[in-house]
Each structure stands twice: as C-alpha cells, then as structure tokens.
Novice: 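Got a structure for you, written out below as structure tokens; questions coming shortly.
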Amino acid sequence: MNEVVDQIAAKAGIDPELAEKAVGMILGFLQREAADGPIARMIEAIPGASDLVAQYNGEGSGGGGLLGGLMSAIGGGGIMGLGQQLMSQGLGMSEISTLAKETIAVARQHAGDEVVDQVIASVPGLSQFA
C-alpha cells in the first residue's frame with residue numbers, strides 16, 4: 001500500500017503518513033456505508049487496503065465533539081461526516097477532494113470500473129468525487 005499511499009500523497013500535496021490515515025478513514029467509511037459485496041471486492045483488490053481499514057476504520061467515527069453530535073442528530077453524517085473527520089486531521093477541502101478522487105482512481109486501477117461504480121452508486125454524495 002505504501003506505493004499507492006505515496007502516489008496519493010504526492011498528488012494531494014500532503015505528508016504520506018497523513019495520506020495513509022486519510023485513505024484508511026475513507027476506505028473505512030466506504031466499508032461502513034457502501035453495498036457489502038462491491039466494497040468488499042474493491043478493498044480486497046487494492047494491495048494493503050484491508051490493513052488500512054483495520055488500522056483506521058474506527059478513527060474519528062462517532063465523536064466529533066459538539067459539531068459531530070449536531071451533524072449526526074440532524075442527519076448530516078455520511079459523506080459530510082467523513083469530511084468533518086478529515087478536516088479534524090488538518091486537511092482542507094481541496095486536499096480532501098483530491099484524496100477522495102485519487103483513492104477512487106486507485107480503486108479503479110485495481111478493482112475495475114464496474115466494481116467501483118457499484119460502490120459509488122451505493123453511497124449518497126460520493127459521485128461528486130468519481
């Protein structure tokens with residue numbers, strides 16, 4: 001996964017350690033939110049992805065302080081909740097957008113368009129990053 005993370009980090013212009021955590025959080029979010037079959041195939045196809053999910057899946061889920069609690073209470077979890085979690089790691093919106101797009105691009109390289117399209121279609125709001 002190091003080569004993949006390094007590639008994503010370079011394109012987003014961020015530190016590889018932060019990129020690794022962010023990609024793990026993104027994949028963990030997708031594992032929780034996307035259709036089970038396609039996301040399992042996608043994560044399995046990306047070298048090292050299951051390790052990142054195992055390491056960072058719980059990172060930032062729930063919690064989020066007062067804002068996180070309010071977002072959950074009004075139904076603002078989902079992709080917006082993930083954005084808040086990533087921002088709490090010090091990432092800006094353009095970096096988050098680049099990270100998401102590059103993660104999807106890497107997923108397409110390894111899992112193929114059909115699987116990734118099924119994942120994207122199953123998560124509201126994800127298509128803006130495809």
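Residues: numbered from 1 along the sequence shown.
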Novice: Rounded to the nearest 0.5 Å, how far apart are CG of Leu27 and CZ of Arg32?
Specialist: 10.5 Å
Novice: Strictly distance-based, threshold 3.5 Å: is any side-chain N or O of Ser97 a donor or acceptor partner for the main-chain N or O of Met93?
Specialist: no
Novice: Might you point out which heavy atoms bring Gln128 and Lys101 nearest each other, and give the distance in Å?
Specialist: O-CE, 4.0 Å
Novice: Start with the C-alpha gap between Gln7 and Gln109, add the side-chain angles, then the distance that decides, and say whether side-chain contact (heavy atoms from CB on, under 4.5 Å) holds.
Specialist: CA-CA 13 Å; Gln7 173 188 342; Gln109 289 172 4; 3.9 Å; yes
Novice: Residues in side chain to side chain contact (heavy atoms under 4.5 Å, CB included) with Ser122, at least two apart?
Specialist: Ala34, Ala35
Novice: Write down the atom of Val5, the atom of Glu20, and the distance for their closest heavy-atom approach.
Specialist: CG1-N, 3.5 Å
Novice: Taking the side chain as every heavy atom from C-beta outward, state whether Lys21 and Glu17 have any pair of such atoms under 4.5 Å apart.
Specialist: no
Novice: Would a 4.5 Å heavy-atom cut-off, applied to side chains only, mark Phe29 and Ile79 as touching?
Specialist: yes
Novice: Measure the CG-CD1 distance between Leu91 and Ile14 for me, rounded to the nearest 0.5 Å.
Specialist: 5.0 Å
Novice: Which atom pair, heavy atoms only, marks the closest approach of Leu99 to Val23?
Specialist: CD2-CG2, 4.5 Å
Novice: Between Gln89 (side chain) and Leu86 (backbone), is there a donor-acceptor pair under 3.5 Å?
Specialist: no
Novice: With a 4.5 Å cut-off on side-chain heavy atoms, are His110 and Pro47 touching?
Specialist: yes
Novice: Locate the shortest heavy-atom distance separating Ile104 from Val116; write the atom from each residue and the value.
Specialist: CG2-CG1, 3.9 Å
Novice: List the residues meeting side chain to side chain contact (heavy atoms under 4.5 Å, CB included) with Asp113, not counting sequence neighbours, and say none if there are none.
Specialist: Arg108, Asp117
Novice: Write down the atom of Met42, the atom of Ala107, and the distance for their closest heavy-atom approach.
Specialist: SD-CB, 3.7 Å
Novice: How far does CD1 of Ile96 sit from OG1 of Thr103, to the nearest 0.5 angstrom?
Specialist: 11.5 Å
Novice: Give me the atom names and distance for the closest heavy-atom approach of Met25 to Leu82.
Specialist: O-CD1, 3.9 Å
Novice: Should Arg41 and Gln118 be marked as a side-chain contact (heavy atoms from CB on, under 4.5 Å) after you check the CA-CA gap, both sets of side-chain angles, and the distance that decides it?
Specialist: CA-CA 11 Å; Arg41 288 192 299 278; Gln118 290 171 355; 3.1 Å; yes
Novice: Which distance, rounded to the nearest 0.5 Å, do you find between the CE of Met80 and the CD of Gln85?
Specialist: 12.0 Å
Novice: Any donor and acceptor pair, going by atom type alone, linking the side chain of Glu33 with main-chain N or O of Leu30 inside 3.5 Å?
Specialist: no
